[in-house]
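Have a look at this one before I ask anything.
Here is how names work: the chains are called A, B, and so on, in the same order as the sequence lines, proteins then strands, and each is numbered from 1. Since the model is a prediction, treat every value here as computed from it, not as a measurement. Hydrogens, waters and symmetry mates play no part in the numbers below; they use all other heavy atoms, side chains included.
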Amino acid sequence: MSKYTRVRGTQDFLPERAELLHFINESAVSFFENYGYRLIITPTFENSELFKRSVGESTDIIQKEMYEFKDKGGRDLALRPEGTASVVRAYIENNLGELPKPVKLIYVSQMFRYERPQAGRYREFWQIGAEAIGSPDPALDAEVIELCLNFLNSLAVKDLKLIINSMGCRNCRPGYIKVLKKFLSEKEALFCKTCSQRIEQNPLRVFDCKQKECQKVLSEAPKISDYICEEDKEHFEKVKIYLKTLNVEFVIDPHLVRGFDYYTRTAFEITLSSLGSQDAIAGGGRYDYLIKDYGGPDEPAIGFAFGTERIMLAFENQNITVFTEPEPDVFVAWVEEAQKSDALRISAMLREKHLRVSMAFDSRKLKSQLKLADKLNANTALIVGEEEIKSGKYTFKDLESAKQEKLTIEEVVNKFKDNK
RNA sequence: GUGGCUGUAGUUCAGGGGCAGAACGCCUGACUGUGGCUCAGGAGGUCGAGGGUUCAAAUCCCUUCAGCCACCCCA
């Protein structure tokens, strides 16, 4: 083996998987177009500060996982760990607020996080994300959630579970956090180590703990739904009603807390238990203050992202295959080296007529060339020998029926006219 | 970042101190210019990498890298 190997947590997408990735990405763009989304492409790296502001200084993503570096001009840069910050930055910088609201954008790109790799978790990974900016309407929340779920359904991904919650806004969440903190502090002794650390730093995250003892205590914890303000409550109620209108099944999970600081109000997550411990296939929510925080207009927004490799994993687990290897229409074989240039020329002629053509290279006997044609699953073979060159009629062999006839190039092309 | 399992041919894997193996795949041949099936032959390995113990290491020990699993985190 060469000393050069993949960097940990990165992947080579070999043709089959590369085509699957491409297929999912392309499908998403056209599917989302039906909902009014347009593609946006932003840079792979940004100023580190951009992400620190949005994702939150205290989060693991910023503290431990971001790929940060200085460029030769001394700029502090970071490979993007998520997509929303860049889209919002681009929205403000290019005055996209001038467009009719909500402005709907989709992105399809790699993200980078320095995490311990696992199935469905890579250091460079793909996300398909969508952002709808400029409307607080709960109907938009419902449309976005339905889009997210419906896209996965369109790909025939099964056994999905949608969980939703409202995280409150800046007016009511602090009050809830206070109450929660008080409750947690009183029971601190009952929690595991990580949980008791979180009580001070980020009490909402205690809900993420999977330890049974912690969950037991948490079942008695104050629920955010009892503390969110009237406006948020009303908003969330409407989201639920609209989701029902759309026949979207959901589970309300009062413990669902998204990992980024910028989320407000509606939060949701789609999970697929067959994926193992990395079971979140999509996640998102509202971020009503982020645009203003970045110095843009005061516009609420909602968005989400898919983990594309996780969609691919679901495909593989369900044995969904999307592609068969492309079969050559014609395999051009030559008898002797002398006819190789004719074979090359004829291949080009056939391709000009939009046929899929492969030919034999290297010193191979006719026999081994046909063997190759068979392996490539070619439908037909065109044999180019001395005789054929002289007469202008080539041996055209149907590789399935093994029948062969002598045809001119034009006649060969006509053979494929019906199916093209 | 923590703990566990795994790493042998292109692939899937056997072998667990004494000659590096199987299946599939790949290449060649079975007389003239014809594939699939069959038969015969062949190529292909620093046993993930580095060090140590031993007369002798794929095998035991240490380190390291990578993959997977759980934690963590999240998509």
For nucleotides B/A43 and B/G29, find the distance between their P atoms and express it as a whole number of Å. 16 Å

Phosphate oxygens OP1/OP2 of B/G35: is one of them under 4.0 Å from a side-chain N or O of A/S368? no

Any donor-acceptor pair, under 3.5 Å, between the side chain of A/Q404 and the base of B/U34, if you only look at N and O atoms? yes

From CZ of A/R116 across to C1' of B/C5 the rounded distance in Å is 12 Å

Under a 3.5 Å limit for both distances, which nucleotide forms a Watson-Crick or G-U wobble pair with B/G21, could you say? B/C13

Separation between the P atoms of B/U28 and B/U34, rounded to whole Å: 15 Å

Among the nucleotides B/C74, B/C71, B/G67, whichever has the atom closest to the side chain of A/P117 is B/G67

Rounded to whole Å, the CG-C1' distance (A/L275 to B/A75) equals 10 Å

Partner of A/R80 by side chain to side chain contact (heavy atoms under 4.5 Å, CB included), out of A/F51, A/Y67, A/F45, A/Y107: A/F51

Would you mind telling me which of B/G35, B/C68, B/G33 lies closest to the side-chain atoms of A/L366? B/G33

Aromatic ring proximity A/Y114/A/F112, centre distance under 6.0 Å: no

Think A/Q118 has a side-chain N or O under 4.0 angstrom from the OP1 or OP2 of B/A70? yes

Given atom OH of A/Y122 and atom P of B/G67, what is their separation to the nearest angstrom? 10 Å

Side-chain ion pair, A/R173 and A/D288, N-O less than 4.0 Å: no

Closest approach to the side chain of A/E115, judged atom by atom: which nucleotide of B/G36, B/A75, B/G33 is it? B/A75

Out of B/G33, B/C72, B/G35, minimum distance to the side chain of A/T395 belongs to B/G33

Measure the distance from CG on A/L382 to P on B/G33 and round it to the nearest whole Å. 18 Å

What's the gap between B/G16 and B/G21 when it is taken at their P atoms, as a whole Å value? 15 Å

Are A/F306 and A/F151 an aromatic pair by the rule of ring centers under 6.0 Å? yes

Check: B/A75 base within 3.5 Å donor-acceptor of A/R121 side chain: no

At under 4.0 Å, does any side-chain N or O of A/T5 touch on OP1 or OP2 of B/A66? no

Figure out the CD/C1' separation between A/Q110 and B/C74, and round it to whole Å. 18 Å

Taking donor-acceptor contacts at under 3.5 Å, does the side chain of A/K397 reach the base of B/G35? yes

How many Å lie between NZ on A/K365 and C1' on B/C27, as a whole number? 13 Å

Any salt bridge between A/E316 and A/R17, counting N to O under 4.0 Å? yes

Are more than 12 heavy atoms from other residues, nucleotides or ligands located less than 6.0 Å from atom CD of A/E352? no

Neighbour count >12 (heavy atoms, 6.0 Å) for atom NZ, A/K178: no

Which of parallel (below 30°), tilted (30 to 60°) and perpendicular (above 60°) describes A/Y176 and A/Y227? tilted

Nearest-angstrom distance, P atom, B/G52 to B/A14: 30 Å

Under 4.0 Å between a side-chain N/O of A/R6 and OP1 or OP2 of B/A66, yes or no? no

Please figure out whether A/E400 or A/E386 has its closest RNA chain B nucleotide nearer the 5' end. A/E386

Which part of the nucleic acid, if any, lies within contact of A/E387, taking any heavy atom under 4.0 Å across all strands shown: a base, the sugar-phosphate backbone alone, or nothing? base

Could you tell me the separation between the NZ atom of A/K367 and the C1' atom of B/U38, rounded to a whole number of Å? 12 Å

Ordered by number, residues from residues 124-135 of chain A within less than 4.0 Å of RNA chain B (heavy atoms) are A/F125, A/Q127

Can you give me the closest heavy-atom contact between A/G168 and A/I228, atom names plus distance? CA-CG2, 3.7 Å

Base-pairing mate for B/C60 - Watson-Crick or G-U, with both contacts under 3.5 Å: B/G52

P spacing across the pair B/C47 / B/A20, given as an integer number of angstrom: 10 Å

Using the P atoms only, state how far B/G15 lies from B/A9, rounded to an integer number of Å. 15 Å

Is any side-chain N of the basic residue among A/E49 and A/K52 closer than 4.0 Å to the acidic one's carboxylate O? no

Which comes earlier along RNA chain B counting from the 5' end, the contact point of A/S401 or that of A/E82, where each point is its nearest nucleotide? A/S401

Of all the nucleotides listed (B/A66, B/G35, B/C74), which has the minimum atom distance to the side chain of A/K371? B/G35

Could you tell me whether the phosphate oxygens of B/C27, OP1 or OP2, come under 4.0 Å of any side-chain nitrogen or oxygen in A/K375? yes

Expressed in whole Å, how much space separates the C1' atoms belonging to B/U59 and B/U8? 11 Å

What's the gap between B/G45 and B/A22 when it is taken at their C1' atoms, as a whole Å value? 15 Å

Atom CZ of A/R364 and atom C1' of B/U34 are separated, to the nearest Å, by 15 Å

